[in-house]
Structure formats: structure tokens, C-alpha cells
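What follows is a single structure, written as C-alpha cells, with notes after it.
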Amino acid sequence: MEKEIYHPPVLLKESIELLKAKDARIFVDATLGGGGHTEAILEANPENRVIAIDRDEEAIERAMKRLERFGDRISIYHANFSQIGEVLEAEGIKEVNGVLFDLGVSHFHLRGNRGFTVWEEQPLDMRMDRRQKLTARDVVNKLSEKELADIIFKYGEEKFARKIAREIVRRRKIKPIETTLELAKIVEEVIPKKLWAGRKKHPAIKTFQAIRIFVNREFQEIEEGIPEAANHVACSGRIVVITFHSLEDRLVKNIFRNLEGFKVITKKPVEPTEEEIKKNPASRSAKLRAIERVCE
Ligand SMILES: C[S@@+](CC[C@H](N)C(=O)[O-])C[C@H]1O[C@@H](n2cnc3c(N)ncnc32)[C@H](O)[C@@H]1O
């Protein structure tokens with residue numbers, strides 16, 4: 001039988017320690033993905049329970065198989081993590097001891113035929129939840145030039161945003177933009193070659209990131225999901241968040257700062273060791289921040 005390849009969990013040891021998962025308790029994994037963090041939480045103490053959430057049905061199916069052996073110690077929900085309150089209500093649980101958010105896309109999104117990658121020819125999709133109607137193809141082909149420019153600038157911090165948007169609009173009048181490589185090529189043609197030639201980072205990465213964030217309402221989800229989780233964290237319970245780019249990290253830092261009744265555990269964000277980055281280069285931009293509910 002072919003061996004299943006999983007998304008390598010990032011900052012795993014650090015997350016488990018900061019969640020205090022060795023003590024028997026109830027946890028929420030708000031971003032189940034391949035199930036690596038959940039598995040480690042369940043292994044940390046035989047009495048731990050995990051309520052896991054993911055908006056991607058394929059991820060859930062795969063993780064279910066991996067986690068079968070834990071029986072009713074795990075409950076899995078196909079939902080957005082902004083719905084964490086409803087999920088806990090369905091479970092009949094008021095408070096949990098730890099919540100983990102491991103944000104961003106998984107290995108499966110990048111490897112699957114889902115339109116997240118700049119490197120391979122795929123349909124322009126980028127939906128994490130395939131029940132959703134809006135795709136990257138709609139965004140690229142239907143939004144106005146100004147809307148596109150604003151999205152690429154705001155969520156990609158791309159200084160060529162205006163030029164990229166103008167070129168997208170010019171090209172889509174000739175023919176709709178249908179695939180990842182068509183979009184990547186347009187961006188490549190707009191950004192001066194001397195700024196990217198010979199580098200490992202593709203010039204369209206920022207544009208792809210921006211469109212992905214918009215399609216999946218990623219920042220709105222974070223803005224709603226973390227405070228909603230905070231409402232259900234017990235005394236001494238923790239929220240641990242792993243981010244993968246500076247915009248996301250800044251957003252989380254600000255949300256943490258404004259949450260009442262919590263103290264920050266990580267004065268500086270925890271980053272992966274050289275060894276982890278060597279084993280899993282995708283972890284290189286990860287930053288972990290944690291807060292703890294102060295007991296009254
Ligand atoms: C980086 S992966 C998580 C990997 C996981 N920790 C592991 O060890 O395999 C992020 C996952 O979160 C899911 N996700 C992202 N945003 C979400 C949201 N707002 N609500 C629910 N799931 C979300 C994605 O579908 C993806 O499967």
C-alpha cells in the first residue's frame with residue numbers, strides 16, 4: 001500500500017509545550033489540516049480530547065483516517081474557525097484549555113490541483129472550502145482594476161500592484177485568465193526582470209498570496225476566530241497561533257494586544273530552529289505567538 005504523505009507540522013514541539021498538552025485537558029485544533037498537531041496533542045496525554053475544525057473537506061477525510069485510532073477522543077467539524085462558538089455548543093462544551101491556530105495553506109493545497117501554486121499549471125481556484133462560490137478565477141476576471149490593485153497592494157504588499165492590475169484587465173479583455181501559469185506569467189511580465197531573475201522566489205508569489213487571502217476571507221476569519229476562541233478559554237488556558245507572513249503576524253499581534261483578560265506568553269515570537277528549516281523549508285517564515293487567560 002502506498003504510504004500516505006502528511007503535511008509536516010510546523011513548530012510541533014514548541015506548540016505542544018506552549019499548549020501545556022501534557023496535562024489532561026480539552027483542546028481545539030482550529031486548523032486540523034493533515035492532523036499532525038492534533039495527533040501530537042492526543043499522544044501527549046491519554047486523557048486529552050481534541051475538537052478539530054477545518055474548512056477543507058479533503059483535509060478532513062485524510063486526517064480522519066490518520067486519527068481513527070483515537071476513537072471518541074477526537075471530534076472533527078467541517079466549518080470555519082470563526083464558528084468555533086457554534087462548534088463548541090454542538091459538543092456541549094463551554095470552556096477549553098487550549099486552542100491552536102496553524103494558519104495558512106497546507107502541503108495538500110500546494111500539491112493538489114487547487115490553484116494555490118505559482119509553479120504548476122492548474123485551474124485558478126484557491127478555495128480552501130469548495131462549497132464556496134467565489135474562486136480566484138472570478139476575482140481575476142470580474143473585479144474592477146481598482147479593486148484588484150487594492151487587493152494586491154493590501155494583502156500582498158506588492159508595490160507593482162497598480163501595474164499588475166492594469167495588465168490583468170488588459171489581458172482578460174482578449175481572453176479570460178483561467179490558469180495559475182497564465183496569471184503568474186502576466187505578473188512576471190510586469191515586474192522588472194532585474195528584481196527577480198536568478199532568485200528562488202517567484203515574482204508572482206505576493207500577488208497569489210493577496211488573491212488567496214481575499215478569496216478565503218482569511219483576515220476576517222482571523223479577526224473573528226481568535227476573539228471567539230478567547231471567549232471559550234478557561235482560566236490558565238492558552239491560545240497558540242502560528243503565522244506564515246508578516247501581515248498575518250502583525251494582525252495576530254494586534255488582536256492579542258486588544259484581548260482583555262489575557263497575558264502574552266511569548267514576548268518575542270517563537271521561530272523554527274535551523275534544523276527544522278533544513279528538514280522542512282516551508283517552515284522558514286513561521287512565527288508562533290501565545291497568550292494565556294489570567295485567572296480572576
Ligand atoms: C497549515 S494547515 C494546518 C496543518 C496542521 N496543523 C497539520 O499539522 O497538519 C492549515 C489548515 O487550516 C485550514 N484553514 C485555514 N483557514 C481556516 C478557517 N478560517 N477555518 C477553518 N479551517 C481553516 C486549511 O484548510 C488547512 O487545512
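All ligand and atom numbering here is 1-based and tracks the order in the structure.
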Atom 15 (C) of ligand 1 sits nearest the protein heavy atom Met128 SD, 3.4 Å
Heavy atoms only, cut-off 4.0 Å: how does Leu32 contact ligand 1, side chain, backbone, both, or neither? backbone
When Asp102, Ile242, Val241 are each screened for side-chain contact (heavy atoms from CB on, under 4.5 Å) with Leu288, the one that passes is Ile242
protein heavy-atom neighbour closest to atom 19 (N) of ligand 1 works out as Glu221 OE1, 2.9 Å
Quick note on ligand 1: atoms under 4.0 Å from a heavy atom of Gly34 include exactly 7 (C), 9 (O)
Residue Leu103 vicinity, atoms of ligand 1 by number, heavy atom under 4.0 Å: 1 (C)
Ignoring hydrogens and angles, tell me if any N or O in the side chain of Trp196 forms a donor-acceptor pair with the backbone of Ile191 under 3.5 Å. yes
For residues Asn141 and Arg172, is any side-chain donor paired with an opposing acceptor at under 3.5 Å? no
What atoms in ligand 1 come closer than 4.0 Å to a heavy atom of Pro9? 8 (O)
Suppose we call two aromatic rings close when their centres sit under 6.0 Å apart. Are Tyr155 and Phe219 close by that rule? yes
Look at the side chain of Arg114 and the backbone N and O of Met128, then say whether any donor-acceptor pair between them is shorter than 3.5 Å. yes
Ignoring hydrogens and angles, state whether a donor on the side chain of Asp54 or His78 is under 3.5 Å from an acceptor on the partner side chain. no
Between the side chains of Ser82 and Glu221, does any donor sit under 3.5 Å from an acceptor? yes
Identity and distance of the protein heavy atom lying nearest atom 20 (N) of ligand 1: Phe81 N, 2.8 Å
Please report which non-hydrogen protein atom sits nearest to atom 4 (C) of ligand 1, along with the residue it belongs to and the distance in Å to one decimal place. Asp102 OD2, 3.3 Å
Numbered in order shown, the ligand 1 atoms found under 4.0 Å of a heavy atom of Ala79 are 20 (N), 21 (C)
Aromatic centroids of Phe101 and Phe81 separated by under 6.0 Å: yes
Atoms of ligand 1, numbered as shown, that sit under 4.0 Å from any heavy atom of Ser106: 2 (S)
If you measure only the distance, is there a donor-acceptor pair under 3.5 Å linking the side chains of Glu120 and Thr117? no
Can you list the atoms of ligand 1 that are under 4.0 Å from a heavy atom of Asp56? 25 (O)
Just by distance, do the side chain of Thr273 and the backbone of Glu276 share a donor-acceptor pair under 3.5 Å? yes
Considering distance alone, does some N or O of Gly35 sit under 3.5 Å from an N or O of ligand 1? yes
Identify the protein heavy atom lying closest to atom 12 (O) of ligand 1, giving its residue, its atom name and the separation to 0.1 Å. Thr31 CB, 3.2 Å
Nearest-contact summary for atom 11 (C) of ligand 1 - protein heavy atom, Å: Asp54 OD2, 3.5 Å
Using a 3.5 Å cut-off on N or O atoms only, is Phe244 in polar contact with ligand 1? no
Where ligand 1 meets His109 - atom numbers and elements under 4.0 angstrom, heavy-atom basis: 24 (C), 25 (O), 26 (C), 27 (O)
Do any N/O atoms on Val105 end up under 3.5 angstrom from N/O atoms on ligand 1? no
Among non-hydrogen protein atoms, atom 22 (N) of ligand 1 lies closest to Arg55 N, 3.1 Å
Is it the case that the side chain of Arg25 and the backbone of Lys20 share a donor-acceptor pair, with hydrogens and angles ignored and the cut-off at 3.5 Å? yes
Looking at Lys94, I'd like to know if its NZ atom is crowded, meaning that more than 12 non-hydrogen atoms belonging to other residues, nucleotides or ligands lie closer than 6.0 Å. no
Hey, which atoms in ligand 1 end up nearer than 4.0 Å to a heavy atom of Gly36? 7 (C), 8 (O), 9 (O)
To which of Ser82, Gly104, Ala63, Ala59 does the heavy atom nearest atom 10 (C) of ligand 1 belong? Gly104
